[in-house]
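Okay, structure first, notes after.
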Number of protein chains: 2
Amino acid sequence: MSLLVLEDFFPFHTRIFYRQVSSAVTRVYETRYGLKPYEWRTMVILGPDGEFTANEIVTKSSMDKVSVSRAITALKARKWILSKANKADGRSRLLRLSSAGKAVYDDLAPLMLEVERKLLSVYSEEEVAELRRLMAKLANQDSAKFIV
Amino acid sequence: MSLLVLEDFFPFHTRIFYRQVSSAVTRVYETRYGLKPYEWRTMVILGPDGEFTANEIVTKSSMDKVSVSRAITALKARKWILSKANKADGRSRLLRLSSAGKAVYDDLAPLMLEVERKLLSVYSEEEVAELRRLMAKLANQDSAKFIV
DNA sequence: TTGACTTAGTTTCAAATGAAATCAAATGTA
DNA sequence: TACATTTGATTTCATTTGAAACTAAGTCAA
């Protein structure tokens with residue numbers, strides 16, 4: 001007789017763990033600049049001097065293309081990103097942070113690294129390495145493998 | 001000069017990892033019974049013979065009380081849960097799975113444990129124990145600790 | 001070329017979400 | 001007892017989300 005107990009169920013703990021991490025991270029850019037997760041991640045992908053198309057941002061961030069499209073619209077409205085024509089492909093445009101956008105990025109980036117440091121400070125260095133390795137191991141599997 | 005690179009950023013990997021786990025799990029009850037995450041989790045909390053108030057379900061599952069309320073409404077509409085007056089407190093009602101609900105639970109529970117088994121099969125037994133320990137270690141911290 | 005197909009990005013629409021307001025019962029206190 | 005406060009649960013409302021449809025540009029094969 002198989003027994004399903006939420007407190008023992010691995011996916012349950014994954015969710016709790018994920019929330020602890022993401023809420024700590026989100027709080028920073030949300031309270032400081034009213035940025036949404038998709039917007040912040042888009043800024044991180046672009047970085048201080050990156051230049052990418054919307055599609056490249058989607059690929060690098062593994063976010064939804066609709067969300068990225070909306071994040072770009074919002075960041076353009078705030079004048080935090082600039083776009084120019086993409087000679088290689090007229091359907092897309094090349095995006096980069098404006099100097100205002102870069103200022104926000106420069107303010108936030110060290111804070112985000114500080115949250116990461118605080119989160120990981122509960123572990124030893126070896127534990128961090130091991131946790132990263134274990135998470136990657138499952139994340140890198142083909143999801144088709146887990147269909148029942 | 002601190003450098004923020006998404007591919008090295010711990011919260012980024014946490015999100016990818018979480019999605020791998022939750023999408024595998026959700027697929028099962030979603031495709032089989034059209035259940036939503038909140039509904040399924042409510043059923044798990046109740047289990048074959050549990051009897052709880054909405055509030056107890058909220059506490060045990062760490063879900064939002066609005067979502068639990070809606071899950072209960074949906075499950076009642078499907079006649080998968082029954083409720084009766086709570087003598088101890090007239091504001092709440094005691095909930096449990098109906099026999100139809102139990103049948104769904106009995107069908108799904110082994111499948112959910114099977115997904116869990118498949119997910120964890122990429123690890124050795126020691127790795128599973130270590131991963132659970134590491135996730136719990138961070139999850140159990142007071143979130144106030146991570147405010148920057 | 002030209003017509004079929006693919007790809008980049010946006011818009012639409014319906015569903016999911018949660019904070020805040022609300023309702024109703026319980027409890028505490030004067 | 002009455003009145004204020006707290007608590008369990010639901011409803012409202014505004015926001016977030018993503019699948020599917022759509023638009024526009026690019027590619028390819030005949």
Side-chain angles (χ1 to χ4, degrees), chain A residues 15-16 18-19 22-23 25-27 29-31 33-42 45-46 51-78 81-96 143, chain B residues 15-16 18-20 22-23 25-27 29-31 33-42 45-46 50-78 81-96 143:
Chain A
R15 181 166 65 94
I16 306 298
Y18 168 73
R19 278 216 309 232
S22 71
S23 74
V25 167
T26 305
R27 183 187 293 116
Y29 55 71
E30 158 66 28
T31 58
Y33 289 101
L35 278 167
K36 283 159 205 160
Y38 293 117
E39 295 166 9
W40 165 244
R41 286 182 214 133
T42 295
I45 295 287
L46 292 177
E51 194 166 58
F52 300 110
T53 65
N55 204 28
E56 286 168 329
I57 295 170
V58 168
T59 306
K60 285 168 189 284
S61 64
S62 76
M63 297 190 285
D64 186 79
K65 69 174 182 162
V66 176
S67 309
V68 169
S69 172
R70 285 196 268 244
I72 290 166
T73 302
L75 292 171
K76 272 183 181 165
R78 293 236 229 176
I81 60 177
L82 304 169
S83 74
K84 69 174 192 202
N86 179 9
K87 286 200 178 103
D89 190 332
R91 291 167 300 181
S92 61
R93 297 182 67 77
L94 286 170
L95 307 161
R96 64 189 167 84
S143 66
Chain B
R15 182 168 62 95
I16 307 299
Y18 168 72
R19 277 215 309 232
Q20 176 79 290
S22 71
S23 74
V25 166
T26 306
R27 183 186 294 116
Y29 55 71
E30 158 66 29
T31 58
Y33 289 101
L35 278 168
K36 283 161 204 155
Y38 293 117
E39 294 164 12
W40 165 244
R41 286 183 214 131
T42 295
I45 295 289
L46 291 178
E51 194 165 58
F52 301 110
T53 65
N55 204 28
E56 286 169 328
I57 295 169
V58 168
T59 306
K60 285 168 189 284
S61 63
S62 74
M63 298 191 285
D64 186 81
K65 68 175 183 161
V66 176
S67 310
V68 170
S69 173
R70 285 197 267 245
I72 290 166
T73 303
L75 291 171
K76 271 183 182 166
R78 293 238 230 175
I81 59 176
L82 304 170
S83 74
K84 69 172 192 205
N86 180 8
K87 287 202 178 103
D89 189 333
R91 291 168 300 181
S92 60
R93 297 182 66 78
L94 286 170
L95 307 161
R96 63 188 167 85
S143 66

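Residue numbering restarts at 1 for every chain, and letters A, B, ... go by the order of the sequence lines. Values below: all heavy atoms of this structure, side chains included; hydrogens, waters and symmetry mates excluded.
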Could you check which of D:dG8, D:dA19, C:dG18 has an atom nearest any side-chain atom of B:Asn55? D:dG8
Under-4.0 Å side-chain N/O to phosphate OP1/OP2 contact, B:Ser69 with D:dT10: yes
Taking the side chain of A:Ser67 as its heavy atoms from C-beta onward, which of D:dG18, D:dA9, C:dA20 lies nearest to it? D:dG18
Of the candidates C:dG18, D:dG18, D:dG26, the side chain of B:Tyr38 sits closest to C:dG18
Starting at atom CG of B:Asp89, determine the distance to atom P of C:dA24, rounded to an integer number of angstrom. 16 Å
Distance check needed: C:dA25 P versus B:Asn86 CG, whole Å only. 14 Å
Distance below 4.0 Å between B:Ser92 side-chain N/O and D:dA9 OP1 or OP2: yes
Evaluation steps, salt bridge (Lys or Arg N to Asp or Glu O under 4.0 Å), between B:Glu51 and B:Lys84: CA-CA 10 Å; B:Glu51 194 165 58; B:Lys84 69 172 192 205; 3.4 Å; yes
Nucleotide D:dA25, atom P - distance to NZ of A:Lys87 in whole Å: 18 Å
Using atom CE of A:Met63 as one end and atom C1' of D:dT16 as the other, report the distance to the nearest whole Å. 15 Å
Can you identify which nucleotide, out of D:dG18, D:dG26, C:dA16, has its nearest atom closest to the A:Arg91 side chain? D:dG26
B:Tyr18 six-ring face occupied by B:Arg15 cation (under 6.0 Å, within 45°): no
Short side-chain to backbone donor-acceptor contact, B:Thr73 and B:Ser69, under 3.5 Å: yes
Length of the NZ-P vector between B:Lys65 and C:dC23, whole Å: 14 Å
Rounded to the nearest Å, what distance is computed from the CZ atom of residue A:Phe52 to the P atom of nucleotide C:dA8? 16 Å
For B:Asn55, is there any backbone N or O sitting under 3.5 Å from a side-chain donor or acceptor partner on B:Thr59? yes
Expressed in angstrom and rounded to an integer, what is the separation of A:Glu56 atom CD from C:dT7 atom P? 16 Å
Expressed as a whole number of angstroms, how long is the span from A:Lys36:NZ to D:dT16:P? 4 Å
Most 5' of A:Arg70 and A:Gly90 on DNA chain D, judged by nearest nucleotide: A:Arg70
What nucleotide, of D:dG18, C:dA8, C:dT17, holds the atom closest to the side chain of A:Asp64? D:dG18
Counting any heavy atom closer than 4.0 Å, what does B:Thr53 reach on the DNA or RNA strands: base, sugar-phosphate only, or nothing? sugar-phosphate
